[in-house]
Each structure stands twice: as structure tokens, then as C-alpha cells.
Amino acid sequence: MQYQWYPGHMTKAKRQMQEDIKLVDLIIELVDARIPVSSHNPDIDDLGKNKSRLVLLNKADLADQSRNQIWCEYYKDHGMYAVQLDSRNRAGMKEVHRIIQEACKEKLERNRKRGILNRPVRAMVAGIPNVGKSTFINSFAGKACAKTGNQPGVTKGKQWIRLNKNVELLDTPGILWPKFEDQMIGLHLALIGSIKDELLHKEEMALELIEKLADQYPGILSKRYDLDEKGKPAVVLEHLAQNRNCLKKGGELDTNKASALLLEEFRSGKLGRITMELPE
């Protein structure tokens, strides 16, 4: 299965970001802590040259805690700030406020010396679809100032949000790069829901997920579904369907329903805290 999704509005969004980048002091990029490589858009590296960078490992509560720390050290080693974040529960927000001021302290000092005392830090919030930008902005501001949704593509246009006298945020639509040269990146994005499910084959995704979990987190499927996970992924999926009573009329196993169940439980964290990628 080929994983591709690049609607026309994303081309427009990228062009708009190229213009807007001139207006900001800092780029705040949200990545999904479970797949920091796959949920990072390399376009942002090009767009954000010579700008301060803050990476938010969003949904860190769903990711492997030890691997979250490894990623924070990695970003620090590459000259970026990083914060573990659960934007739904506001965990990490105070640290984000502190880091914004830290990242822009040189700019603020230059402004002070020039007599500019009331200009807020301007930060662009960027990231791929469905990574949680709008939820972060709403939690950060403490009010519903950006639309939210659990489907890709909710944010369609540019929005400036004044948080307080010190910080303004520029929300941007989620953008993906035009082509996934590595299909594993496409798979990871599909697994967390950044590509619309109706464009994909759920059973193939479930089989890929079973294989990856058996390799990286052995025992996690056995514990959750009371099955032997050492067989072929297709057999494991059938056992899952049987144990969770996913049946069609006539008693035939409904592996499509079992696939949807597995994907939902992975995305919601019911399987446990899982991170699929580490720094190379």
C-alpha cells in the first residue's frame, strides 16, 4: 500500500508559511512523541533557518517515557529547545512559557536596548495534520481560540492569537511534504491518524502494527489480548478477532473490525506507552 496525501491547500499553506516566517522570532513545531521522525516535516527546517526553534513532543503521555527523554537530549544536542507535552491536560505548559522567553532572550534584549519594551515575542506554531496544534494553542491560551478536531485538516487559514503582553502565536494549517520517499514514514503517519483512514486499508495497517509491536515491544499484545503473538501477523490478527468476539453474521471472523479495534487502542494508549522511533 502506498501512503500519499497532499491536498492542494497544503501547497498554498507552504507558500503562506514562507511569507509568514519573516514575521516571527521563534518556530514552535509540534511532533508526535510516538513518531518524532515521521511526524517532523523537513520543510520546516528549510523554512526556519536562522530562527530559534522549539520542538514540542506532544502526546508524550502516550509515548515511552524513557524514549521521550532520549529525544529531548537529541534536540538539545542539535541546538533546539524541547518540551514533553500533553496539551490536552495542560501538562508542560509552564515550561513552554519559560522556554519561549529563554529562546528569544537575545531578541528581547536587543529590543530593550533600542527602547522597544512592549513588543511581544511572535511565534509560529507549525506541524503536520492532526498532531495537536489547535489543542495546544487552546490549552496554552486557556481558552478556545483555535478550532480543534481529531481529523486531519481542521485548521484551514492563518490566525494570530494574542496570549498575553509577552507572546503572540501564529497558527498555521498542518502541512505534509509532497511525497514520502520512505514508505515507513507514511505507515507511521497512517498509524497515528495523520492520514485520513478512509484513504487507507485498515487491515494492512493492523498487520504492519502487529509486526512492529512484536519486534519493539514484545509481550504487549499477549498481555492486552490474551494471545500468542509469536505467529504470523495474519494469525495474530485472527486470534485477536476471536478473543474480542469480532464476528460477522454466521460466525466468520471479522478481521477488519479487529483491525479497527487494534488501531483505536494503539492511538488511545490502551496498549501502553509506545514510541516507534529513536534518533539514528
Side-chain angles (χ1 to χ4, degrees), residues 14 17 20-21 24-108 121-137 139-140 163 166-167 169-172 174-177 180-182 184-186 188-189 191-192 194 216 269 273-280:
K14 183 178 175 181
M17 283 183 72
D20 294 337
I21 205 81
V24 302
D25 310 305
L26 170 72
I27 298 175
I28 300 174
E29 182 189 5
L30 277 83
V31 299
D32 191 298
R34 296 166 293 180
I35 54 165
V37 176
S38 297
S39 59
H40 164 64
N41 185 344
D43 286 344
I44 294 174
D45 292 333
D46 294 329
L47 291 168
K49 286 178 180 176
N50 304 316
K51 296 288 181 179
S52 296
R53 297 278 300 277
L54 167 58
V55 178
L56 301 182
L57 287 158
N58 198 26
K59 304 182 184 179
D61 57 308
L62 301 177
D64 187 322
Q65 179 57 39
S66 62
R67 294 188 176 190
N68 285 344
Q69 195 57 46
I70 290 171
W71 275 107
C72 285
E73 291 298 322
Y74 169 83
Y75 291 122
K76 181 180 178 182
D77 290 343
H78 285 75
M80 290 178 269
Y81 296 90
V83 175
Q84 298 178 43
L85 191 70
D86 173 11
S87 57
R88 296 165 301 174
N89 296 321
R90 295 182 57 79
M93 292 300 173
K94 285 185 179 180
E95 180 68 2
V96 175
H97 268 293
R98 186 187 71 78
I99 292 292
I100 287 175
Q101 298 301 312
E102 171 70 18
C104 298
K105 64 181 180 182
E106 291 183 6
K107 179 67 178 285
L108 293 170
V121 170
R122 285 188 153 184
M124 174 184 284
V125 183
I128 66 168
N130 206 32
V131 79
K133 294 188 309 300
S134 295
T135 301
F136 159 68
I137 290 171
S139 296
F140 198 44
L163 298 185
N166 297 319
V167 181
L169 295 182
L170 174 60
D171 189 18
T172 57
I175 56 171
L176 287 172
W177 50 105
F180 309 132
E181 293 180 3
D182 182 350
M184 189 58 68
I185 289 176
H188 287 163
L189 292 171
L191 289 175
I192 67 165
S194 283
Q216 294 197 39
R273 298 182 65 164
I274 295 166
T275 298
M276 291 189 166
E277 298 173 332
L278 283 168
E280 292 184 0

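Start at 1 with the first residue, then count along the sequence. Quick note: numbers below take in every heavy atom, side chains included, and nothing from hydrogens, waters or symmetry partners.
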Between [X] and [Y], is there a donor-acceptor pair closer than 3.5 Å when you use the side chain of the first and the backbone of the second?
X      : Y      : value
Lys133 : Ala126 : no
Glu277 : Val37  : yes
Glu29  : His40  : no
Trp71  : Ala82  : no
Thr275 : Asp64  : yes
Ser52  : Ala103 : yes
Arg273 : Asp61  : yes
Asp25  : Arg122 : yes
Asn68  : Ala60  : yes

Answer yes or no: is there a side-chain heavy-atom contact under 4.5 Å between [X] and [Y]?
X      : Y      : value
Tyr81  : Glu102 : yes
Lys94  : Arg98  : no
Leu54  : Tyr75  : no
Leu85  : Leu57  : no
Val125 : Leu170 : no

Could you measure the distance from the [atom1] atom of [X] to the [atom2] atom of [Y]? Nearest 0.5 Å is fine.
X      : Y      : atom1 : atom2 : result
Leu169 : Leu26  : CG    : CG    : 9.0 Å
Leu47  : Ile27  : CG    : CD1   : 7.0 Å
Ser66  : Leu278 : OG    : CG    : 8.0 Å
Arg67  : Ile274 : CZ    : CD1   : 10.0 Å
Asp86  : Leu56  : CG    : CG    : 12.0 Å
Lys51  : Met124 : NZ    : CE    : 9.0 Å

Step-by-step side chain to side chain contact (heavy atoms under 4.5 Å, CB included) determination, Phe136 to Val96: CA-CA 11 Å; Phe136 159 68; Val96 175; 4.2 Å; yes

Ile100/Ile28 under side chain to side chain contact (heavy atoms under 4.5 Å, CB included): CA gap, chis, key distance, verdict: CA-CA 9 Å; Ile100 287 175; Ile28 300 174; 3.9 Å; yes

Side chain to side chain contact (heavy atoms under 4.5 Å, CB included) evaluation trace for Ser38 with Met184: CA-CA 8 Å; Ser38 297; Met184 189 58 68; 5.9 Å; no

Parallel, tilted or perpendicular: rings of His78 and Tyr74 (30°, 60°):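 Correct class here is tilted.
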
Candidate pair Asp32 and His188, rule side-chain hydrogen bond (donor to acceptor under 3.5 Å, both in side chains), full reasoning: CA-CA 10 Å; Asp32 191 298; His188 287 163; over 6 Å; no

Closest non-hydrogen atom pair between Ser39 and Val31, with its separation: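 For Ser39 and Val31, the tightest heavy-atom pair comes out as OG-CB, 3.4 Å.
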
Nearest heavy atoms of Cys104 and Val121, plus distance in Å: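 Closest pair (atom of Cys104, atom of Val121, distance): SG-CG1, 3.6 Å.
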
Chi angles and distances behind the side chain to side chain contact (heavy atoms under 4.5 Å, CB included) call for Lys59, Val131: CA-CA 8 Å; Lys59 304 182 184 179; Val131 79; over 6 Å; no

